[in-house]
Number of protein chains: 4
Amino acid sequence: MEHRDEALTEYLEHVVEEELQVHHEGSMPSYMEQIGKADKDLVGVAVMDVNGECRQAGNAQEAFPLESTSKVLSLALALEDCGAEAVFQSVGKEPTGEPYHAIAALQEGDRGVPPNPMINAGAIVATSMIHGRDGDERFARLLHFIRTLANDLELAFNQAMFEAEEKDLNRALFYYMRSHQVIEGSEDDHLVPYLKQTSIEMNCVDLARIGAVLANQGRDPDSGEPLIRPENVRILLTLMFTTGMYGGSGEFAVDVGIPAKSGLSGAILAVVPGRMGLGLIGPALNERGNSIAGVRILKRLSTRWGLGVFS
Amino acid sequence: MEHRDEALTEYLEHVVEEELQVHHEGSMPSYMEQIGKADKDLVGVAVMDVNGECRQAGNAQEAFPLESTSKVLSLALALEDCGAEAVFQSVGKEPTGEPYHAIAALQEGDRGVPPNPMINAGAIVATSMIHGRDGDERFARLLHFIRTLANDLELAFNQAMFEAEEKDLNRALFYYMRSHQVIEGSEDDHLVPYLKQTSIEMNCVDLARIGAVLANQGRDPDSGEPLIRPENVRILLTLMFTTGMYGGSGEFAVDVGIPAKSGLSGAILAVVPGRMGLGLIGPALNERGNSIAGVRILKRLSTRWGLGVFS
Amino acid sequence: MEHRDEALTEYLEHVVEEELQVHHEGSMPSYMEQIGKADKDLVGVAVMDVNGECRQAGNAQEAFPLESTSKVLSLALALEDCGAEAVFQSVGKEPTGEPYHAIAALQEGDRGVPPNPMINAGAIVATSMIHGRDGDERFARLLHFIRTLANDLELAFNQAMFEAEEKDLNRALFYYMRSHQVIEGSEDDHLVPYLKQTSIEMNCVDLARIGAVLANQGRDPDSGEPLIRPENVRILLTLMFTTGMYGGSGEFAVDVGIPAKSGLSGAILAVVPGRMGLGLIGPALNERGNSIAGVRILKRLSTRWGLGVFS
Amino acid sequence: MEHRDEALTEYLEHVVEEELQVHHEGSMPSYMEQIGKADKDLVGVAVMDVNGECRQAGNAQEAFPLESTSKVLSLALALEDCGAEAVFQSVGKEPTGEPYHAIAALQEGDRGVPPNPMINAGAIVATSMIHGRDGDERFARLLHFIRTLANDLELAFNQAMFEAEEKDLNRALFYYMRSHQVIEGSEDDHLVPYLKQTSIEMNCVDLARIGAVLANQGRDPDSGEPLIRPENVRILLTLMFTTGMYGGSGEFAVDVGIPAKSGLSGAILAVVPGRMGLGLIGPALNERGNSIAGVRILKRLSTRWGLGVFS
């Protein structure tokens with residue numbers, strides 16, 4: 001970030017300050033309330049550059065569950081474990097206008113293959129491909145992988161969140177795909193790891209660091225150690241760009257132009273390739289399921305600092 | 001049937017004789033083969049009038065699983081147990097062009113309500129509404145009800161068939177509906193009775209007798225005892241007519257005009273209101289999933305004897 | 001109707017009287033207002049038996065445009081002109097949950113074939129098959145046919161209505177089907193006759209008489225002259241029953257059980273086979289596009305007099 | 001391109017040489033045959049860098065119609081004329097899995113708004129927004145704009161091609177949108193310019209030059225003159241990346257990573273931002289409607305030279 005560092009930090013603080021003044025009317029998943037995570041006015045951002053330098057503003061230390069942002073990370077490990085060719089035999093690469101929970105898309109062509117790994121069905125497939133004797137090992141390896149990316153061995157999954165979440169929709173997707181042999185094995189071994197990964201908790205700084213790994217072609221921003229192969233990073237960034245923001249992906253790509261993945265917790269993982277990773281939190285959601293504050297902040301940062309892929 | 005009795009019997013034998021000469025190229029579910037029920041050239045028909053007189057031809061004594069023809073019977077018991085108003089709060093009355101296993105239809109309006117009780121999702125809902133403390137009692141009551149209709153206390157469900165059948169698609173439908181609160185309770189209590197009912201076995205004579213009950217406004221053709229309320233019979237016949245033959249229901253209504261329900265075992269339950277019930281078997285299926293022989297025989301009978309609703 | 005005549009007439013008057021007291025909140029197409037036909041509280045019914053005896057109540061002499069009720073009549077003439085086999089090569093027989101204007105249904109299987117002749121696309125196909133050198137002759141023949149059915153040579157089409165109606169949706173359906181060779185020829189020759197037929201005006205008595213022809217196996221209730229072949233009447237009644245009431249067809253079949261076709265003008269043509277035809281008007285529409293008053297009156301008549309097909 | 005110039009030229013020739021040896025089995029639109037453009041083995045590529053230096057190989061001088069590649073250019077002019085805000089009130093930004101001719105997508109939400117400007121419906125909307133008193137002026141302005149981009153005042157549209165092409169599908173889209181007020185005006189004024197633009201002919205060098213303008217932030221690679229505003233270039237590149245290759249857009253983004261737009265003539269316009277534009281021709285199409293040779297060449301170039309957006 002060099003000379004622009006201070007300016008960016010200052011701008012970040014300014015933007016977050018403004019967001020913190022706004023009352024957010026957006027919606028929120030009901031299970032968030034159940035576990036006492038219902039502060040719609042929470043706003044936090046962290047930015048880490050590819051050298052590991054971090055800026056933060058607002059509630060950047062507040063823990064939140066990954067929710068769908070975890071889809072990028074489980075796909076990363078599946079790609080590392082099995083290679084792209086194997087992974088994309090069971091899940092497509094095509095963006096769709098479908099909502100994240102869409103089951104109708106699976107029915108097309110009567111094949112049961114999800115269109116891409118950023119919707120629930122596709123993410124279940126990806127997680128089920130992570131190496132492991134059983135669901136426990138599969139999840140343990142994923143958690144270890146995420147801890148390594150975030151360089152935070154304390155990261156854990158939130159049992160209360162896991163228990164509060166509605167699971168039947170994902171069960172439906174799992175069994176539909178299993179009936180089409182797209183996925184094989186038991187609920188415990190192949191669905192539960194996915195259900196658990198969405199309840200892993202971290203804060204904006206952790207998330208920004210993961211983004212920095214992706215921005216750094218898969219290398220640890222501190223040690224330079226390769227954590228994800230560059231060809232897999234390219235795939236992850238492409239899918240984040242074309243389909244990471246649910247049904248608002250196309251609009252976000254045009255208006256903001258930064259590869260990003262959102263989650264229903266209000267989290268967003270964003271990556272400016274070669275430059276920085278960003279972690280954002282803002283639980284009030286727009287009608288597309290994306291953090292209102294998060295999208296607004298990223299748009300302002302992108303416009304102000306020319307962070308878009310095609311800028 | 002009076003004077004026409006002999007003529008009809010003769011015609012029936014003639015038609016079945018001809019069908020038995022034909023080699024049927026149609027398809028067949030793979031689980032039928034697994035349990036050694038893969039005789040595509042089997043053809044049987046039984047006809048029982050509202051006075052309990054029965055005619056039969058071909059392999060009418062051969063046992064087969066009810067498969068989807070059971071949907072009429074579980075809906076009948078659900079209607080008797082809960083009343084139409086309650087039942088139709090959780091399942092619609094509308095025919096659709098959707099195949100029996102369609103899950104996409106559930107996504108519409110994001111409500112998870114199946115369009116009608118003749119497709120799998122709707123039939124699962126209906127069976128789950130049958131009174132009973134648990135799945136075992138629910139199924140026991142249904143089996144008892146079906147035995148009463150057929151007047152055959154020996155009717156049983158085929159365990160091997162139950163085990164051979166693919167269950168994941170129905171699990172997917174079950175969990176999707178449960179995620180939308182259209183259905184509640186466990187797989188064992190609310191899905192398993194449905195899975196089991198499709199494996200209840202009977203022959204054409206049993207099925208014809210059940211048809212005769214429906215033809216007789218719900219009264220036992222022998223004793224005259226009321227077994228299904230007339231207002232529920234009316235609902236059953238209407239749904240059979242508008243949507244009983246999968247994606248070929250409309251064509252069957254126009255070309256044959258008899259309320260009927262088919263199953264993937266090649267069974268067809270058909271009803272000529274006020275006159276007779278029919279049970280047919282012919283395992284070779286057309287591309288709609290309906291018995292090739294069964295449809296052809298019903299068409300010839302209907303044309304020859306003016307059995308259609310609007311004839 | 002014999003002895004029951006007076007009772008039915010009395011009941012009819014009573015029911016209509018009650019409907020006339022009700023204020024109807026339902027919707028109405030905007031073009032009805034444009035042509036000064038926006039009286040939501042209008043209610044009229046006429047019933048004609050197969051001997052030509054007619055009863056009426058309320059605003060049964062008020063003229064209204066046929067709108068979609070005309071689909072039954074143009075299909076009738078297409079069937080008479082070309083035979084069922086030819087007609088059903090270009091349009092299906094299957095009910096769907098689709099709304100009348102649905103274009104998505106045409107895309108299925110990339111064939112452009114409408115699922116049935118009771119939705120706009122299918123009705124356009126049927127009308128285009130009516131014999132005639134050009135659109136003018138096609139329409140003239142249809143108008144003559146309808147005048148004969150209603151025994152009213154004064155029936156005419158309402159030019160103001162024709163001009164006020166939105167035509168682009170039907171143009172879209174026409175060109176989509178033409179791009180798939182389901183239909184051929186010019187807009188003038190093959191679409192305009194359809195657009196015009198919906199603006200033919202008549203009153204409840206005329207409509208009831210047309211219903212009486214259908215109830216009488218296609219014979220004129222007065223002269224006994226055959227006007228529609230019995231095999232075509234059977235097809236018409238079947239399609240009215242399975243798919244005549246838009247997206248509410250299945251519910252209407254279960255709850256009322258009478259073959260009927262509704263139009264956005266609030267008209268309903270209904271038929272009790274072998275007994276009577278009914279013509280109803282009531283411009284306030286429910287969310288399915290069916291006359292609120294008309295559906296309510298038919299339900300009460302059916303329940304009270306056991307008029308349902310399966311009663 | 002500096003020192004890499006020669007290497008790239010050599011590689012390009014090598015790759016095209018190999019493609020020219022291959023017999024392509026792919027499909028082809030029938031109207032191409034009608035106008036005598038049915039050489040499936042034609043392969044040509046041109047590359048122009050942002051300084052206007054051009055390399056070419058194979059049949060790069062062969063003229064072909066733009067077909068869907070024109071969608072980028074008409075959108076460019078619509079954006080220049082009206083601004084992004086106005087344009088995106090009538091067309092979305094969201095990629096879909098829908099084929100280019102999909103009409104079903106318009107039905108969603110009953111709004112008639114196309115999901116994006118890279119499918120036919122969306123492109124029709126964009127072209128209809130180009131300023132002009134009538135269709136002729138609209139088309140004349142677009143042709144002039146394209147000539148300016150390609151720096152070739154001889155570019156013309158192919159009347160025979162225009163006449164041979166099937167137009168009814170686009171008419172259907174036009175009228176469907178007009179029925180929803182998404183578009184207004186006559187066929188001649190608002191649809192014909194779109195139909196004509198797809199028949200504008202050019203060769204690979206012209207197309208590469210247009211790509212070079214886009215690669216150069218909208219500036220003429222020779223004169224440096226601004227031809228498209230940078231903010232509009234950003235939008236064009238984003239939409240090409242997320243949805244430029246029909247139903248294979250997601251796969252192309254992952255596997256090749258270059259913003260590109262294909263047409264059924266076998267043309268592809270591709271852009272490596274800041275570096276170069278590419279024009280490719282290869283009429284044999286894969287099942288997605290994309291040039292088999294074109295996709296293969298771009299993939300090899302991208303992999304070999306690291307041209308992908310996220311490389």
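Throughout, a chain's letter reflects where its sequence line sits, starting with A, and its residues are numbered from 1.
The minimum heavy-atom distance between C:Arg234 and B:Ser311, with the atom names listed, is CD-OG, 3.6 Å. Across every non-hydrogen atom of B:Ile235 and C:Val254, the tightest pair is CG1-CG1, 3.9 Å.
With respect to chain B, the highest number of heavy-atom pairs below 4.5 Å among C:Pro273, C:Gly257, C:Ala253, C:Ala84 belongs to C:Ala253. Looking only at heavy-atom pairs under 4.5 Å with chain B, the residue among C:Thr242, C:Asp255, C:Leu237 that has the most is C:Leu237. In terms of heavy-atom pairs under 4.5 Å with chain C, the best-connected choice from B:Gly274, B:Gly308, B:Gly248 is B:Gly248.
If you measure heavy-atom distances from B:Val309 to chain C, the contacts under 4.5 Å come from the side chain alone. B:Pro259 touches chain C through its side chain: at least one heavy atom from C-beta onward sits under 4.5 Å away, while N, CA, C and O do not. Looking at B:Pro95, both its backbone and its side chain come within 4.5 Å of chain C, counting heavy atoms on both sides.
The side-chain heavy atoms of B:Thr96 and C:Glu94, taken from C-beta on, include no pair separated by under 4.5 Å.
From C:Glu251, atom CD reaches atom CZ of B:Phe88 across 9.5 Å, with rounding to the nearest 0.5 Å. A distance of 10.0 Å separates CZ of C:Phe310 from CG of B:Leu239, quoted to the nearest 0.5 Å.
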